[in-house]
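Just follow the structure's listing: the first ligand is 1, and inside any ligand the first atom is 1.
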Amino acid sequence: MPGTVVLGSQFGDEGKGKVIDFLAEHADVVVRFHGGANAGHTVLVGEEKYAFHLVPSGILRPSTMNVIGNGVVLDPATLLQELEDLRKRGHRAENLRISDRAHVVMPYHKAQDRVEEDLKGKFKAGTTGRGIGPCYQDKVGRFGIRMADLLDPSVLADKLETLVPIKQRLLAAYGSHDTIDGKAIHREYAGYGERLGPYVTDTSVLLEGELRAGRRVLFEGAHGTHLDIDHGIYPYGTSSNCVSAEAAIGSGLGPRAIDEVIGVVKGFTSRVGTGPFPTELQDETAEYLRERGGGEYGTTTHRPRRVGWLDLVMLRLSARVNGLTGLAVTKLDVLGGLKTIKVCTAYTFADERIEEYPADMRLLSKVKPVYADFAGWPDLPEKEWGGIAAKGVDALPEAVRTYLDALSKAMRAPVRIVSVGRSRDATIHVAT
Ligand code: IMP
Ligand code: MG
(Lines give C-alpha, C1' and ligand atoms only; values in the text may rest on other atoms or scores of the structure.)
(Ligands and ions follow the chains in the order given, each with its own letter.)
Protein backbone atom coordinates (compact mmCIF):
# COMPACT_ATOMS: atom_id res chain seq x y z
CA MET A 1 0.00 0.00 0.00
CA PRO A 2 -0.90 2.93 -0.59
CA GLY A 3 -1.34 1.76 -4.21
CA THR A 4 -0.98 -2.02 -4.50
CA VAL A 5 -1.77 -4.14 -7.53
CA VAL A 6 -2.58 -7.82 -7.11
CA LEU A 7 -2.71 -9.88 -10.27
CA GLY A 8 -2.38 -13.42 -11.57
CA SER A 9 1.05 -14.51 -12.80
CA GLN A 10 -0.18 -17.48 -14.80
CA PHE A 11 -3.37 -18.16 -16.79
CA GLY A 12 -5.84 -16.88 -14.19
CA ASP A 13 -7.37 -18.93 -11.38
CA GLU A 14 -4.30 -18.60 -9.20
CA GLY A 15 -6.38 -17.97 -6.10
CA LYS A 16 -6.40 -14.18 -6.45
CA GLY A 17 -9.85 -13.81 -4.91
CA LYS A 18 -8.60 -15.14 -1.61
CA VAL A 19 -5.40 -13.07 -1.65
CA ILE A 20 -7.33 -9.92 -2.51
CA ASP A 21 -9.89 -10.61 0.19
CA PHE A 22 -7.01 -11.04 2.66
CA LEU A 23 -5.32 -7.78 1.61
CA ALA A 24 -8.63 -5.93 1.38
CA GLU A 25 -8.67 -5.93 5.16
CA HIS A 26 -5.95 -3.29 5.00
CA ALA A 27 -7.37 -1.41 2.01
CA ASP A 28 -9.77 1.51 1.95
CA VAL A 29 -10.61 1.07 -1.72
CA VAL A 30 -10.63 -1.98 -4.04
CA VAL A 31 -10.61 -1.31 -7.79
CA ARG A 32 -11.36 -3.58 -10.74
CA PHE A 33 -9.47 -2.12 -13.69
CA HIS A 34 -9.87 -4.54 -16.63
CA GLY A 35 -11.82 -7.51 -17.95
CA GLY A 36 -15.45 -8.21 -17.30
CA ALA A 37 -17.75 -11.01 -16.27
CA ASN A 38 -15.30 -13.50 -17.79
CA ALA A 39 -13.44 -13.27 -14.47
CA GLY A 40 -14.37 -15.45 -11.54
CA HIS A 41 -13.05 -14.83 -8.05
CA THR A 42 -13.91 -17.22 -5.28
CA VAL A 43 -13.84 -16.05 -1.68
CA LEU A 44 -14.58 -18.25 1.29
CA VAL A 45 -15.77 -16.59 4.49
CA GLY A 46 -16.36 -19.21 7.16
CA GLU A 47 -18.43 -21.82 5.37
CA GLU A 48 -19.91 -19.25 2.98
CA LYS A 49 -18.62 -19.36 -0.56
CA TYR A 50 -18.88 -16.33 -2.83
CA ALA A 51 -18.08 -16.30 -6.55
CA PHE A 52 -17.69 -12.83 -8.00
CA HIS A 53 -17.51 -11.95 -11.66
CA LEU A 54 -17.84 -8.18 -11.73
CA VAL A 55 -18.10 -6.74 -8.24
CA PRO A 56 -14.72 -5.98 -6.70
CA SER A 57 -13.72 -8.43 -3.98
CA GLY A 58 -13.80 -5.81 -1.22
CA ILE A 59 -17.59 -5.80 -1.39
CA LEU A 60 -17.89 -8.10 1.63
CA ARG A 61 -16.20 -5.55 3.85
CA PRO A 62 -18.70 -2.80 4.67
CA SER A 63 -16.13 -0.03 5.20
CA THR A 64 -14.32 -0.63 1.90
CA MET A 65 -15.14 1.37 -1.20
CA ASN A 66 -15.39 -0.74 -4.35
CA VAL A 67 -14.71 0.74 -7.75
CA ILE A 68 -15.31 -0.62 -11.25
CA GLY A 69 -12.86 1.37 -13.33
CA ASN A 70 -12.95 2.61 -16.92
CA GLY A 71 -10.90 -0.37 -18.14
CA VAL A 72 -13.66 -2.84 -17.32
CA VAL A 73 -16.27 -4.01 -19.83
CA LEU A 74 -19.45 -4.17 -17.82
CA ASP A 75 -22.42 -6.45 -18.34
CA PRO A 76 -25.21 -4.64 -16.44
CA ALA A 77 -27.46 -7.68 -16.05
CA THR A 78 -24.65 -9.71 -14.46
CA LEU A 79 -23.71 -6.86 -12.14
CA LEU A 80 -27.30 -6.31 -10.99
CA GLN A 81 -27.67 -10.04 -10.40
CA GLU A 82 -24.54 -10.07 -8.24
CA LEU A 83 -25.71 -7.09 -6.23
CA GLU A 84 -29.08 -8.76 -5.73
CA ASP A 85 -27.43 -12.01 -4.59
CA LEU A 86 -25.27 -10.09 -2.14
CA ARG A 87 -28.29 -8.27 -0.74
CA LYS A 88 -30.11 -11.57 -0.29
CA ARG A 89 -27.16 -12.85 1.71
CA GLY A 90 -27.21 -9.82 3.96
CA HIS A 91 -24.52 -7.62 2.40
CA ARG A 92 -25.12 -3.99 1.64
CA ALA A 93 -23.73 -3.14 -1.74
CA GLU A 94 -23.87 0.63 -1.44
CA ASN A 95 -20.11 1.04 -1.39
CA LEU A 96 -19.89 0.59 -5.13
CA ARG A 97 -18.80 3.16 -7.72
CA ILE A 98 -18.80 2.60 -11.47
CA SER A 99 -16.79 4.58 -14.00
CA ASP A 100 -18.84 6.60 -16.45
CA ARG A 101 -16.23 5.60 -19.05
CA ALA A 102 -16.54 1.82 -18.61
CA HIS A 103 -17.79 0.14 -21.78
CA VAL A 104 -21.02 -1.82 -21.74
CA VAL A 105 -21.36 -5.41 -22.94
CA MET A 106 -24.38 -5.58 -25.28
CA PRO A 107 -26.42 -8.64 -26.34
CA TYR A 108 -24.92 -8.52 -29.82
CA HIS A 109 -21.43 -8.83 -28.33
CA LYS A 110 -22.33 -12.26 -26.98
CA ALA A 111 -23.77 -13.32 -30.32
CA GLN A 112 -20.59 -12.10 -32.00
CA ASP A 113 -18.43 -13.93 -29.43
CA ARG A 114 -20.15 -17.23 -30.28
CA VAL A 115 -19.99 -16.92 -34.05
CA GLU A 116 -16.40 -15.64 -34.10
CA GLU A 117 -15.26 -18.58 -31.98
CA ASP A 118 -16.90 -20.97 -34.44
CA LEU A 119 -15.29 -19.28 -37.42
CA LYS A 120 -11.84 -19.23 -35.84
CA GLY A 121 -11.62 -23.03 -35.71
CA LYS A 122 -8.25 -24.10 -34.34
CA PHE A 123 -7.42 -20.51 -33.42
CA LYS A 124 -10.35 -20.16 -31.06
CA ALA A 125 -9.46 -19.19 -27.49
CA GLY A 126 -12.25 -21.19 -25.86
CA THR A 127 -13.79 -17.94 -24.59
CA THR A 128 -16.17 -17.71 -21.69
CA GLY A 129 -18.85 -16.55 -24.14
CA ARG A 130 -19.46 -13.37 -22.15
CA GLY A 131 -18.97 -11.02 -25.11
CA ILE A 132 -15.68 -9.71 -23.77
CA GLY A 133 -13.63 -9.75 -27.00
CA PRO A 134 -16.32 -8.10 -29.16
CA CYS A 135 -16.93 -5.42 -26.52
CA TYR A 136 -13.23 -4.52 -26.46
CA GLN A 137 -13.19 -4.62 -30.28
CA ASP A 138 -15.99 -2.05 -30.28
CA LYS A 139 -14.17 0.08 -27.74
CA VAL A 140 -11.06 0.24 -29.90
CA GLY A 141 -13.10 0.54 -33.10
CA ARG A 142 -15.10 3.39 -31.54
CA PHE A 143 -18.40 1.59 -31.90
CA GLY A 144 -18.80 1.24 -28.13
CA ILE A 145 -21.46 2.27 -25.66
CA ARG A 146 -20.23 3.55 -22.32
CA MET A 147 -21.92 3.73 -18.94
CA ALA A 148 -22.41 7.48 -19.42
CA ASP A 149 -24.51 6.71 -22.51
CA LEU A 150 -26.88 4.49 -20.54
CA LEU A 151 -27.80 7.36 -18.26
CA ASP A 152 -29.45 9.36 -21.02
CA PRO A 153 -32.09 7.39 -22.96
CA SER A 154 -31.93 9.78 -25.92
CA VAL A 155 -28.15 9.37 -26.27
CA LEU A 156 -28.57 5.61 -26.02
CA ALA A 157 -31.33 5.64 -28.67
CA ASP A 158 -29.16 7.73 -30.96
CA LYS A 159 -26.22 5.35 -30.67
CA LEU A 160 -28.30 2.21 -31.06
CA GLU A 161 -29.95 3.60 -34.16
CA THR A 162 -26.56 3.73 -35.84
CA LEU A 163 -24.98 0.66 -34.27
CA VAL A 164 -27.74 -1.95 -34.49
CA PRO A 165 -27.91 -2.04 -38.32
CA ILE A 166 -24.10 -2.27 -38.48
CA LYS A 167 -24.04 -5.16 -36.01
CA GLN A 168 -26.92 -6.88 -37.80
CA ARG A 169 -25.00 -6.76 -41.07
CA LEU A 170 -21.86 -8.04 -39.40
CA LEU A 171 -23.64 -10.99 -37.80
CA ALA A 172 -25.41 -11.86 -41.06
CA ALA A 173 -22.12 -11.70 -42.95
CA TYR A 174 -20.65 -14.09 -40.39
CA GLY A 175 -23.53 -16.51 -41.09
CA SER A 176 -25.16 -15.98 -37.71
CA HIS A 177 -28.94 -16.28 -37.50
CA ASP A 178 -29.17 -14.05 -34.42
CA THR A 179 -31.38 -11.02 -34.90
CA ILE A 180 -30.95 -7.82 -32.94
CA ASP A 181 -34.01 -5.99 -31.71
CA GLY A 182 -32.84 -2.41 -31.19
CA LYS A 183 -36.04 -1.29 -29.46
CA ALA A 184 -35.93 -4.14 -26.95
CA ILE A 185 -32.27 -3.46 -26.26
CA HIS A 186 -33.03 0.20 -25.69
CA ARG A 187 -35.77 -0.63 -23.21
CA GLU A 188 -33.62 -3.12 -21.35
CA TYR A 189 -30.46 -1.01 -21.23
CA ALA A 190 -32.16 2.30 -20.40
CA GLY A 191 -33.62 0.38 -17.46
CA TYR A 192 -30.14 -0.73 -16.42
CA GLY A 193 -28.99 2.87 -16.69
CA GLU A 194 -31.71 3.92 -14.32
CA ARG A 195 -30.86 1.24 -11.78
CA LEU A 196 -27.08 1.61 -11.98
CA GLY A 197 -27.11 5.41 -12.38
CA PRO A 198 -26.68 6.10 -8.66
CA TYR A 199 -23.36 4.22 -8.70
CA VAL A 200 -21.94 5.89 -11.83
CA THR A 201 -19.37 8.64 -11.42
CA ASP A 202 -15.99 9.88 -12.65
CA THR A 203 -13.94 7.28 -10.79
CA SER A 204 -10.63 8.74 -11.96
CA VAL A 205 -11.37 11.92 -10.00
CA LEU A 206 -12.64 9.88 -7.09
CA LEU A 207 -9.55 7.66 -6.93
CA GLU A 208 -7.10 10.52 -7.23
CA GLY A 209 -8.84 12.16 -4.29
CA GLU A 210 -8.64 8.96 -2.27
CA LEU A 211 -4.91 8.57 -2.92
CA ARG A 212 -4.26 12.23 -2.12
CA ALA A 213 -6.09 11.78 1.16
CA GLY A 214 -3.64 8.99 2.00
CA ARG A 215 -6.09 6.15 1.61
CA ARG A 216 -4.90 2.71 0.61
CA VAL A 217 -6.01 1.49 -2.78
CA LEU A 218 -5.91 -2.14 -3.88
CA PHE A 219 -6.04 -2.73 -7.62
CA GLU A 220 -7.62 -6.11 -8.26
CA GLY A 221 -6.34 -7.95 -11.33
CA ALA A 222 -9.07 -10.06 -12.87
CA HIS A 223 -7.24 -12.65 -14.97
CA GLY A 224 -3.65 -13.74 -15.40
CA THR A 225 -0.60 -12.24 -17.07
CA HIS A 226 -0.49 -14.98 -19.68
CA LEU A 227 -3.99 -14.08 -20.88
CA ASP A 228 -2.81 -10.50 -21.55
CA ILE A 229 -3.61 -9.22 -25.04
CA ASP A 230 0.03 -8.13 -25.62
CA HIS A 231 2.14 -10.39 -23.44
CA GLY A 232 -0.01 -13.50 -23.16
CA ILE A 233 -0.63 -16.55 -25.34
CA TYR A 234 -2.05 -14.59 -28.25
CA PRO A 235 -4.59 -15.31 -29.75
CA TYR A 236 -5.70 -17.76 -27.04
CA GLY A 237 -5.90 -15.30 -24.17
CA THR A 238 -8.37 -12.56 -23.36
CA SER A 239 -8.86 -9.12 -24.95
CA SER A 240 -7.65 -6.82 -22.18
CA ASN A 241 -4.24 -5.96 -20.84
CA CYS A 242 -3.87 -7.99 -17.67
CA VAL A 243 -0.52 -6.58 -16.52
CA SER A 244 0.18 -4.09 -13.75
CA ALA A 245 0.44 -1.01 -16.00
CA GLU A 246 -3.22 -1.52 -16.89
CA ALA A 247 -4.11 -0.82 -13.27
CA ALA A 248 -3.16 2.80 -13.96
CA ILE A 249 -4.81 3.09 -17.39
CA GLY A 250 -7.94 1.19 -16.41
CA SER A 251 -8.44 3.30 -13.28
CA GLY A 252 -7.63 6.71 -14.74
CA LEU A 253 -4.42 7.25 -12.78
CA GLY A 254 -0.75 7.78 -13.58
CA PRO A 255 1.81 4.99 -13.13
CA ARG A 256 3.10 6.57 -9.94
CA ALA A 257 -0.16 5.62 -8.24
CA ILE A 258 1.28 2.10 -8.07
CA ASP A 259 3.74 1.37 -5.28
CA GLU A 260 3.61 -2.39 -5.08
CA VAL A 261 2.79 -5.21 -7.46
CA ILE A 262 2.01 -8.60 -5.97
CA GLY A 263 1.98 -11.50 -8.40
CA VAL A 264 -0.20 -14.43 -7.36
CA VAL A 265 1.43 -17.74 -8.24
CA LYS A 266 -0.35 -21.04 -7.80
CA GLY A 267 1.99 -23.88 -6.76
CA PHE A 268 1.22 -25.54 -10.09
CA THR A 269 -0.19 -24.37 -13.41
CA SER A 270 -3.76 -24.58 -14.69
CA ARG A 271 -5.56 -23.35 -17.74
CA VAL A 272 -9.18 -23.21 -18.82
CA GLY A 273 -9.26 -22.71 -22.57
CA THR A 274 -7.19 -23.67 -25.58
CA GLY A 275 -3.58 -23.06 -26.66
CA PRO A 276 -0.12 -24.44 -25.95
CA PHE A 277 0.74 -25.49 -22.39
CA PRO A 278 4.23 -27.06 -22.25
CA THR A 279 4.05 -28.45 -18.70
CA GLU A 280 0.54 -29.86 -19.07
CA LEU A 281 -0.01 -33.24 -17.38
CA GLN A 282 -2.32 -35.92 -18.74
CA ASP A 283 -1.62 -38.63 -16.18
CA GLU A 284 -2.92 -39.50 -12.71
CA THR A 285 -1.01 -36.55 -11.18
CA ALA A 286 -3.23 -34.27 -13.27
CA GLU A 287 -6.32 -35.94 -11.88
CA TYR A 288 -4.85 -35.75 -8.35
CA LEU A 289 -4.27 -32.01 -8.60
CA ARG A 290 -7.56 -31.30 -10.32
CA GLU A 291 -9.63 -33.17 -7.77
CA ARG A 292 -7.72 -31.94 -4.73
CA GLY A 293 -7.66 -28.42 -6.05
CA GLY A 294 -11.36 -28.63 -5.33
CA GLY A 295 -11.84 -25.56 -7.41
CA GLU A 296 -10.01 -26.78 -10.47
CA TYR A 297 -13.09 -26.19 -12.51
CA GLY A 298 -13.52 -22.72 -14.04
CA THR A 299 -15.42 -20.36 -11.72
CA THR A 300 -17.18 -18.79 -14.70
CA THR A 301 -17.58 -21.67 -17.15
CA HIS A 302 -17.31 -24.71 -14.81
CA ARG A 303 -15.08 -26.38 -17.38
CA PRO A 304 -12.43 -28.75 -15.95
CA ARG A 305 -9.11 -26.93 -15.89
CA ARG A 306 -6.08 -28.34 -17.67
CA VAL A 307 -3.34 -28.74 -15.08
CA GLY A 308 0.44 -29.07 -15.13
CA TRP A 309 3.68 -28.40 -13.28
CA LEU A 310 4.93 -24.96 -12.32
CA ASP A 311 6.66 -23.22 -15.23
CA LEU A 312 9.43 -20.77 -14.38
CA VAL A 313 9.79 -19.69 -18.02
CA MET A 314 6.23 -18.36 -17.86
CA LEU A 315 6.78 -16.89 -14.44
CA ARG A 316 9.96 -15.02 -15.37
CA LEU A 317 7.96 -13.26 -18.08
CA SER A 318 5.33 -12.34 -15.49
CA ALA A 319 7.91 -10.97 -13.09
CA ARG A 320 9.37 -8.81 -15.84
CA VAL A 321 6.30 -7.39 -17.58
CA ASN A 322 4.57 -6.61 -14.29
CA GLY A 323 7.59 -5.37 -12.38
CA LEU A 324 6.59 -7.63 -9.49
CA THR A 325 7.65 -6.45 -6.05
CA GLY A 326 6.34 -9.50 -4.22
CA LEU A 327 4.73 -12.90 -4.60
CA ALA A 328 1.64 -14.53 -3.12
CA VAL A 329 2.00 -18.29 -3.49
CA THR A 330 -1.21 -20.31 -3.27
CA LYS A 331 -2.57 -23.87 -3.12
CA LEU A 332 0.58 -25.42 -1.66
CA ASP A 333 -1.64 -27.74 0.38
CA VAL A 334 -3.02 -29.15 -2.88
CA LEU A 335 0.48 -30.34 -3.86
CA GLY A 336 0.81 -32.24 -0.56
CA GLY A 337 1.20 -36.01 -0.83
CA LEU A 338 3.30 -36.06 -3.99
CA LYS A 339 6.68 -37.75 -3.65
CA THR A 340 8.39 -35.52 -6.17
CA ILE A 341 7.32 -32.14 -7.50
CA LYS A 342 8.64 -31.01 -10.84
CA VAL A 343 9.37 -27.44 -11.83
CA CYS A 344 10.10 -26.40 -15.40
CA THR A 345 13.24 -24.25 -15.60
CA ALA A 346 13.65 -23.94 -19.39
CA TYR A 347 12.40 -25.48 -22.63
CA THR A 348 14.20 -27.31 -25.38
CA PHE A 349 13.42 -27.57 -29.06
CA ALA A 350 15.56 -29.37 -31.64
CA ASP A 351 18.47 -29.57 -29.16
CA GLU A 352 18.30 -25.87 -28.48
CA ARG A 353 17.69 -24.52 -25.01
CA ILE A 354 14.99 -21.86 -24.75
CA GLU A 355 15.09 -19.63 -21.68
CA GLU A 356 12.49 -17.03 -22.60
CA TYR A 357 8.81 -17.56 -23.33
CA PRO A 358 8.45 -17.44 -27.13
CA ALA A 359 5.99 -15.28 -29.08
CA ASP A 360 5.67 -18.06 -31.67
CA MET A 361 2.78 -20.24 -30.52
CA ARG A 362 3.66 -23.01 -32.93
CA LEU A 363 7.10 -23.24 -31.35
CA LEU A 364 5.57 -23.10 -27.88
CA SER A 365 3.35 -26.04 -28.73
CA LYS A 366 6.42 -28.11 -29.71
CA VAL A 367 8.91 -27.31 -26.95
CA LYS A 368 9.81 -29.85 -24.27
CA PRO A 369 10.13 -28.73 -20.67
CA VAL A 370 13.41 -29.14 -18.78
CA TYR A 371 12.53 -30.10 -15.22
CA ALA A 372 14.17 -29.74 -11.83
CA ASP A 373 12.92 -32.18 -9.19
CA PHE A 374 11.89 -31.00 -5.74
CA ALA A 375 11.10 -33.19 -2.74
CA GLY A 376 7.39 -33.29 -1.98
CA TRP A 377 5.73 -32.62 1.36
CA PRO A 378 3.04 -34.49 3.26
CA ASP A 379 -0.66 -34.32 2.64
CA LEU A 380 -1.82 -32.65 5.84
CA PRO A 381 -5.39 -32.21 7.08
CA GLU A 382 -6.85 -28.72 6.74
CA LYS A 383 -6.63 -28.12 10.48
CA GLU A 384 -2.95 -28.86 10.55
CA TRP A 385 -2.20 -26.43 7.72
CA GLY A 386 -4.24 -23.85 9.65
CA GLY A 387 -2.08 -24.45 12.73
CA ILE A 388 1.09 -24.04 10.68
CA ALA A 389 -0.27 -20.82 9.16
CA ALA A 390 -0.96 -19.43 12.63
CA LYS A 391 2.69 -20.01 13.59
CA GLY A 392 4.11 -18.37 10.47
CA VAL A 393 6.39 -19.12 7.56
CA ASP A 394 9.11 -20.81 9.60
CA ALA A 395 6.64 -23.49 10.68
CA LEU A 396 6.17 -24.66 7.08
CA PRO A 397 7.68 -28.05 6.20
CA GLU A 398 11.25 -27.64 5.01
CA ALA A 399 10.39 -28.93 1.54
CA VAL A 400 7.80 -26.17 1.16
CA ARG A 401 10.33 -23.54 2.17
CA THR A 402 12.84 -24.89 -0.35
CA TYR A 403 10.17 -24.70 -3.06
CA LEU A 404 9.30 -21.13 -2.12
CA ASP A 405 12.96 -20.08 -2.08
CA ALA A 406 13.49 -21.44 -5.60
CA LEU A 407 10.42 -19.60 -6.84
CA SER A 408 11.43 -16.35 -5.23
CA LYS A 409 14.94 -16.60 -6.64
CA ALA A 410 13.74 -17.32 -10.18
CA MET A 411 11.22 -14.47 -10.09
CA ARG A 412 13.54 -12.07 -8.27
CA ALA A 413 10.81 -11.09 -5.84
CA PRO A 414 10.24 -11.94 -2.19
CA VAL A 415 7.38 -14.17 -1.09
CA ARG A 416 4.95 -11.95 0.81
CA ILE A 417 1.94 -14.21 1.22
CA VAL A 418 1.61 -18.00 1.44
CA SER A 419 -1.72 -19.75 1.20
CA VAL A 420 -2.09 -23.34 2.38
CA GLY A 421 -5.85 -23.75 2.40
CA ARG A 422 -9.11 -22.28 1.25
CA SER A 423 -10.11 -20.41 4.38
CA ARG A 424 -8.99 -16.92 5.42
CA ASP A 425 -7.09 -18.47 8.34
CA ALA A 426 -4.87 -20.65 6.18
CA THR A 427 -2.88 -17.64 5.03
CA ILE A 428 0.57 -16.49 6.10
CA HIS A 429 1.63 -12.88 5.77
CA VAL A 430 5.42 -12.95 5.55
CA ALA A 431 6.86 -10.05 7.49
CA THR A 432 9.25 -7.75 5.63
P1 IMP B 1 -12.66 -14.41 -22.91
O2 IMP B 1 -11.93 -13.59 -21.90
O3 IMP B 1 -14.01 -14.86 -22.46
O4 IMP B 1 -12.68 -13.77 -24.25
O5 IMP B 1 -11.83 -15.77 -23.09
C6 IMP B 1 -10.54 -15.77 -23.65
C7 IMP B 1 -9.67 -16.83 -22.99
O8 IMP B 1 -9.32 -16.40 -21.68
C9 IMP B 1 -10.36 -18.17 -22.81
O10 IMP B 1 -9.40 -19.19 -23.00
C11 IMP B 1 -10.84 -18.14 -21.36
O12 IMP B 1 -10.95 -19.44 -20.83
C13 IMP B 1 -9.73 -17.36 -20.71
N14 IMP B 1 -10.16 -16.62 -19.52
C15 IMP B 1 -10.80 -15.44 -19.49
N16 IMP B 1 -10.98 -15.03 -18.22
C17 IMP B 1 -10.43 -15.96 -17.43
C18 IMP B 1 -10.26 -16.07 -16.00
O19 IMP B 1 -10.65 -15.22 -15.20
N20 IMP B 1 -9.62 -17.20 -15.56
C21 IMP B 1 -9.15 -18.14 -16.42
N22 IMP B 1 -9.26 -18.06 -17.74
C23 IMP B 1 -9.90 -16.98 -18.25
MG1 MG C 1 -10.92 -17.21 -11.60
Within the 4.0 Å heavy-atom shell around Phe11, which atoms of ligand 1 are there? 21 (C), 22 (N)
Counting from 1 in the order shown, the ligand 1 atoms closer than 4.0 Å to a non-hydrogen atom of Ala222 are 19 (O)
Looking only at atom types and distance, does a side-chain atom of Ser270 sit under 3.5 Å from a main-chain N or O of Val307, one as donor and one as acceptor? no
Hey, which atoms in ligand 1 end up nearer than 4.0 Å to a heavy atom of Asp13? 20 (N), 21 (C)
For ligand 1, is there an N or O atom under 3.5 Å from any N or O atom of Val272? yes
When you compare the side chains of Thr427 and Lys18, does any donor N or O come within less than 3.5 Å of an acceptor on the partner? yes
Could Lys139 and Tyr136 be counted as a cation-pi pair, given that NZ or CZ must be under 6.0 Å from the ring centre and within 45° of the axis? no
Hey, does Arg130 come in under 3.5 Å of ligand 1, counting only N/O atoms on both sides? no
Does any donor atom in the side chain of Glu220 or His41 lie under 3.5 Å from an acceptor atom in the other side chain? yes
Near Ala125 (heavy-atom distance under 4.0 Å), the atoms of ligand 1 are 9 (C), 10 (O)
So, for Met411 and Leu324, which heavy atoms are closest and what is the spacing to 0.1 Å? CE-CD1, 3.6 Å
Counting heavy atoms only, which part of Lys124 comes closer than 4.0 Å to ligand 1: side chain, backbone, both or neither? neither
Using 30° and 60° as the class boundaries, would you call the ring planes of Phe11 and His226 parallel, tilted or perpendicular? perpendicular
Would you say Ser251's side chain and Ala247's backbone share a donor-acceptor pair under 3.5 angstrom? yes
Those atoms of ligand 1 less than 4.0 Å from some heavy atom in Tyr236: 7 (C), 10 (O)
Numbered atoms and elements of ligand 1 in range of Gly237, under 4.0 angstrom, heavy atoms: 6 (C), 7 (C), 8 (O)
The atoms of ligand 1 lying under 4.0 Å from a heavy atom of Ala39, numbered in the order shown, are 19 (O)
Where the closest heavy atom to atom 13 (C) of ligand 1 is concerned, which of Glu117, Arg303, His223, Arg271 has it? Arg271
May I ask whether Gly224 places a heavy atom under 4.0 Å from ligand 1? no
One residue to check: Leu227. Relative to ligand 1, which of side chain, backbone, both or neither has a non-hydrogen atom less than 4.0 Å away? side chain
Applying a strict 4.0 Å limit to heavy atoms, is Ser239 in contact with ligand 1? no
What is the ring orientation for Phe52 with Tyr50, classed by angle as parallel under 30°, tilted 30 to 60°, or perpendicular over 60°? parallel
For Gly273, the atoms of ligand 1 under 4.0 Å from one of its heavy atoms are 10 (O)
Is there a side-chain contact between Cys344 and Val370 in this structure, where contact means two heavy atoms from C-beta onward sitting under 4.5 Å apart? no
Below the 3.5 angstrom mark, is there an N/O of Thr238, backbone or side chain, next to an N/O of ligand 1? yes
Minimum heavy-atom distance between Glu117 and Thr127, given as atom pair plus value: OE1-N, 2.9 Å
